[in-house]
Amino acid sequence: MENSEVIKIIENLKGRRSYEEKRAAKLGFASLHEYIEDKIQKKTIS
C-alpha cells in the first residue's frame with residue numbers, strides 16, 4: 001500500500017527517521033509506512 005503522501009513524509013523525516021522507526025516498533029506497527037498511514041488517518045478523523 002504505497003501512498004505518495006506517506007512516501008513524501010518519510011523522505012522529509014531526515015534526522016527524526018530513526019526516532020519514528022523506534023516509535024513505530026514500540027507501538028506494534030510492522031513498518032514505518034503503516035505507522036505514518038495511521039498518523040495521517042488519525043489527523044483526518046479529528
Side-chain angles (χ1 to χ4, degrees):
M1 190 183 297
E2 296 296 315
N3 185 346
S4 62
E5 186 177 0
V6 172
I7 294 170
K8 188 182 292 186
I9 291 171
I10 291 173
E11 288 175 353
N12 290 326
L13 285 176
K14 299 182 184 185
R16 296 186 326 264
R17 184 178 177 132
S18 63
Y19 168 79
E20 294 292 345
E21 288 174 343
K22 289 176 188 174
R23 186 112 172 107
K26 182 179 180 181
L27 294 174
F29 290 95
S31 69
L32 185 59
H33 285 275
E34 289 181 16
Y35 174 64
I36 299 296
E37 285 177 355
D38 187 61
K39 284 179 69 170
I40 291 171
Q41 187 178 32
K42 286 181 180 178
K43 281 184 182 179
T44 57
I45 291 173
S46 15

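Owing to the predicted nature of the structure, the values given are computational and were not obtained by experimental measurement.
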(message) If you compare all heavy atoms of S31 against all heavy atoms of A24, which two are closest, and at what distance to 0.1 Å?
(response)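 It is O-CB, 4.3 Å.
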(request) List in chain and number order the residues that pass salt bridge (Lys or Arg N to Asp or Glu O under 4.0 Å) with R23, two or more places apart in sequence or in another chain; answer none if no residue qualifies. (result)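 Salt bridge (Lys or Arg N to Asp or Glu O under 4.0 Å) list for R23, sorted by chain: empty.
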(request) Would you please name every residue forming a salt bridge (Lys or Arg N to Asp or Glu O under 4.0 Å) with E34, sequence neighbours left out? (result)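 Not a single residue meets the salt bridge (Lys or Arg N to Asp or Glu O under 4.0 Å) criterion with E34.
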(request) Answer yes or no: is there a side-chain heavy-atom contact under 4.5 Å between R17 and E11? (result)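 No. Closest side-chain heavy atoms not under 4.5 Å.
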(message) Any non-hydrogen side-chain atom of I9 less than 4.5 Å from a side-chain atom of I40?
(response)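 Side-chain contact under 4.5 Å: yes.
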(request) Could you give me the CA-CA distance, side-chain angles and deciding distance for I7 and H33, then say whether side chain to side chain contact (heavy atoms under 4.5 Å, CB included) is met? (result) CA-CA 8 Å; I7 294 170; H33 285 275; 4.2 Å; yes
From [X] atom [atom1] to [Y] atom [atom2], the distance as rounded to the nearest 0.5 Å:
| X | Y | atom1 | atom2 | result |
| --- | --- | --- | --- | --- |
| L32 | E20 | CG | CD | 7.0 Å |
| K39 | L27 | NZ | CG | 10.0 Å |
| R16 | K14 | CZ | NZ | 9.5 Å |

(request) Establish whether Y19 and Y35 are linked, either directly or via other cluster members, by ILVMFWY side-chain heavy-atom contacts under 4.5 Å. (result)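 In one cluster: no.
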(message) Regarding E37 and K42, does a basic nitrogen lie under 4.0 Å from an acidic carboxylate oxygen?
(response)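 Salt bridge absent between E37 and K42.
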